[in-house]
Structures are given as structure tokens and as C-alpha cells.
2 protein chains.
Amino acid sequence: MSVTIGEAARASGVSAKMIRYYEETGLLGAAERTASGYRVYGEADLHALRFVRRARDLGFSMAEIADLLALWRDRERASAAVKGLALAHVGDLRRRIRELEAMARTLETLAERCCGDGRPDCPILDDLAGEG
Amino acid sequence: MSVTIGEAARASGVSAKMIRYYEETGLLGAAERTASGYRVYGEADLHALRFVRRARDLGFSMAEIADLLALWRDRERASAAVKGLALAHVGDLRRRIRELEAMARTLETLAERCCGDGRPDCPILDDLAGEG
DNA sequence: ACTTGACCTTCCCATCATGGGAAGCCCCAT
DNA sequence: ATGGGGCTTCCCATGATGGGAAGGTCAAGT
């Protein structure tokens, strides 16, 4: 029923290092300990670890995950709060995507105009140098 | 002709902090100094600073910029090398975009199914909790 | 000449999430 | 009892950036 940190890491996909870090920063409560000081994790703990892992996979920051965990644990929550958090994060993601897209398009355009052979002439460098 | 670090920062769009950092890490050579120790920048230095700034705006890492600077300074360079660097970076950008896109789409799908009212039921939390 | 304020210097610290590694203790199987 | 693997804490590093303190410098105004 109860496992040590290594097994918890394997079962949740969160590294032991990160489990300790989440505990240290208060994202997760302090784990119980054996007499000799080993951390011990039960089913509920593993569930929370998987929750955190999944949220990280979706790009949420630790601060956002703290909020999501609180909502998850609150049976009285309004789903509107969760949806608000999620959509705010989507806005964040979309903004970052737009920025990266703009960079990629600019570079693709420049690369198209660069013949890419043995000669030194290069519109990419010209652009970076502010000539062009 | 020669300016101090504050003016170089204003003229290049690179903060004084970052100019010192670039020098410390060897991305840029050590600036000349006045008798009293102030850094001094000439036209060529400002040009290089703007180059770095533009490359950062396009998402290149400092290591990549070091390579680009070397190519820029090498009159014997093959444009193929520059193009290769640029396209590798585009590949990087495209991969990151795909990752963010996947996250955004997943969250949008979940958010659509969340009615977002005062009730606690929430498919977003259900997904994070691994139920669903 | 002196003060004032803006500028420069170095040095240290923080971010955010993560990994590496050392020194030392613990537990189990041989 | 010994060996190996797992656990503990502690410190350090990443990448690119900003904040801020303590102290030196310079130019303009009194």
C-alpha cells in the first residue's frame, strides 16, 4: 500500500528529485516518514503526483498547479474557476505560439533567399547585421 | 564616436546588464576601458550588439549566436553553414510550436466540455486526475 | 571649489523547473 | 557481516535576465 520515493517516482512519472522539491516548496504536503526517515507514499499521494505530472505535461506552471490542486481538493469549487484558469493558460500558450511562429516564418523567408552554397553572400547574416 | 555602456544599451536595445554578461561569458570580446575603468564602445561594437539583439529576437540561444557571430566575421564563410544553422533553429522552433499546440488543443477541448458555472463538476479536473 | 545627481563599477541574489553528484545512513539478500 | 542499491540532506549548475547594494566618476550648477 505504501511505497518509498523511488517507487512513487516510477509509478507517477515524477522524478524523486522533483517529488522532494514539490514537498520543499509546499506544492505538496510533507510526506510521512518511517522511523529511519524514509518518505512514504500512499495511494492518495500517488494520485496527487500523477495529477501534478499531467498538469506539467499540459504546460501549467507550479503556481497554476497549486491553484488547480486546491480546486481539485475543494468539493465546493465552481467549475467556472477551473475553466478560467485553463483558458488563461491557453491564452498564454497561444501567445507563445504566435511569437515562435513569427520567428520561424522570418527565418524561413530569409533561408529561402540564401542559396546555401560555398559562397559567403548570405541574406540571413545581412538581416542580422541590419543591412537589408 | 565612442559611448559608455548606458548609451550603447540605448543604441542597441541590449540592456547594460546583458552587455556586461555577454562580455563576461565571452560572447563578445572585452570592451576597452577609460582610465577610470568605464567601458567604451565604438561603432563596430554597437554593430555587433545590434546583431546579437536581432538574433535573440529570432530566438537563437547564446551558443548559436556565438556561431553566427563567428560566421559573420569570417569573410570566407560558406553561406551553407549559416543556412544550416538557421534551418536547424527553425526545426527547433517548429518542434516547440507543435508541443505547445498539442497542449493548447487538449486544454481547449477539455474547456469546451466544462460548463464553467457554479457547479463543481469539471472535466478538466477529471482529466488531470486521470479519470476520463 | 563644492555639491548634486546621473552614471559607472563589481558583487551577490533571485528567477523557474530540473538534473548531477557527494557524503553518509538504511535495508535486504547472500 | 558484507555488498549493493536505495534513501537522506546539501550544494551546485543550467539560460537569460533582472534587482539591488556599496562605492567610484563625471559634468553641470551653485
Side-chain angles (χ1 to χ4, degrees), chain A residues 2-28 30-42 45 48-49 51-69 89 92-93 95-96 99-100 103, chain B residues 2-28 30-42 45-46 48-49 51-69 89 92-93 96 99-100 103:
Chain A
S2 288
V3 296
T4 56
I5 199 169
E7 280 186 79
R10 257 166 272 132
S12 65
V14 179
S15 73
K17 272 289 209 220
M18 288 312 296
I19 296 176
R20 291 193 198 96
Y21 176 68
Y22 292 156
E23 175 177 332
E24 185 193 325
T25 57
L27 182 67
L28 298 174
E32 290 194 32
R33 304 283 186 131
T34 65
S36 60
Y38 281 24
R39 286 178 182 80
V40 173
Y41 299 89
D45 299 315
L49 281 172
F51 184 101
V52 172
R53 173 64 208 261
R54 175 87 180 119
R56 292 288 309 135
D57 285 348
L58 289 175
F60 285 103
S61 69
M62 283 182 54
E64 289 167 328
I65 294 175
D67 293 343
L68 287 170
L69 276 170
H89 180 49
D92 238 60
L93 292 169
R95 190 172 30 73
R96 283 156 64 193
E99 288 170 5
L100 297 181
M103 295 177 191
Chain B
S2 288
V3 296
T4 57
I5 200 169
E7 277 185 82
R10 255 167 271 134
S12 66
V14 178
S15 72
K17 274 289 210 220
M18 289 311 297
I19 296 176
R20 291 193 198 97
Y21 176 67
Y22 292 154
E23 175 177 331
E24 183 193 324
T25 58
L27 181 68
L28 298 175
E32 291 193 30
R33 305 280 186 132
T34 64
S36 59
Y38 281 24
R39 287 177 181 79
V40 173
Y41 299 87
D45 301 313
L46 295 181
L49 282 171
F51 183 102
V52 171
R53 172 64 208 261
R54 175 86 180 122
R56 292 287 310 133
D57 285 347
L58 289 174
F60 285 103
S61 69
M62 281 181 55
E64 289 166 327
I65 295 175
D67 293 344
L68 288 171
L69 276 171
H89 180 50
D92 238 61
L93 292 170
R96 284 156 63 193
E99 289 170 5
L100 297 181
M103 295 176 190

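Chain letters run A, B, ... following the sequence lines, proteins first, then strands; residues in each count from 1.
- In terms of position along DNA chain D, the nucleotide closest to A/Gly37 lies nearer the 5' end than the nucleotide closest to the other residue of the pair A/Gly37 and B/Ala63.
- Heavy-atom contacts from other residues, nucleotides or ligands closer than 6.0 Å to CD of B/Glu32 number 12 or fewer.
- A/Phe60 has its CZ atom 15 Å from the P atom of C/dT18, to the nearest Å.
- Counting heavy atoms from C-beta on, the side chains of A/Glu23 and A/Arg39 come closer than 4.5 Å.
- In this structure, A/Thr4 and A/Thr34 have side chains that are not in contact, with every pair of non-hydrogen atoms separated by 4.5 Å or more.
- Using a 4.5 Å heavy-atom cutoff, the side chains of A/Tyr41 and A/Ile19 are in contact.
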### Contact letters for nucleotides 23-30 of chain C, in which S counts primed atoms plus P, OP1 and OP2 and B counts the base, heavy atoms under 4.0 Å
---BS---

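- Under 4.0 angstrom from either OP1 or OP2 of C/dC7 there lies no side-chain N or O belonging to B/Arg39.
- Applying the salt bridge (charged side-chain N to carboxylate O under 4.0 Å, His left out) criterion to A/Glu7, with sequence neighbours excluded, gives no partner residue.
- When the salt bridge (charged side-chain N to carboxylate O under 4.0 Å, His left out) test is applied to B/Asp45, no partner is found at least two apart in sequence or on another chain.
- Every residue two or more places apart in sequence or in another chain was checked for a salt bridge (charged side-chain N to carboxylate O under 4.0 Å, His left out) with A/Arg20, and none qualifies.
- Taking 4.0 Å as the cutoff to heavy atoms of chain A, we find the contact window on DNA chain D bounded by D/dG6 to D/dC10.
- Atom CD of A/Glu23 and atom C1' of C/dT18 are 17 Å apart (whole Å).
- Residues forming a salt bridge (charged side-chain N to carboxylate O under 4.0 Å, His left out) with B/Arg54 (at least two apart in sequence, or on another chain): A/Asp127.
- Within residues 10-22 of chain B, the residues having any heavy atom under 4.0 Å from DNA chain D are, by residue number, B/Ser15, B/Lys17, B/Met18, B/Tyr21, B/Tyr22.
- The side chain to side chain contact (heavy atoms under 4.5 Å, CB included) check on B/Ala66 picks up B/Leu27, with sequence neighbours excluded.
- The ring pair (Phe, Tyr, Trp, His ring centres under 6.0 Å) test applied to A/Phe51 returns A/Trp72, not counting sequence neighbours.
- Axis angle between the ends of the helix from C/dA1-D/dT30 to C/dT30-D/dA1, five pairs each and rounded to 10 degrees, works out to 30°.
- Side-chain contact between B/Phe60 and A/Met103: absent, with no pair of heavy atoms (C-beta onward) separated by less than 4.5 Å.
- Applying the side chain to side chain contact (heavy atoms under 4.5 Å, CB included) test to A/Ser61 and every residue at least two apart in sequence or in another chain returns A/Ala63, A/Glu64.
- Between B/Ile5 and A/Met62, the residue whose closest nucleotide on DNA chain C is further toward the 5' end is B/Ile5.
- The side chain to side chain contact (heavy atoms under 4.5 Å, CB included) search around B/Arg53 returns B/Val14, B/Asp57, not counting sequence neighbours.
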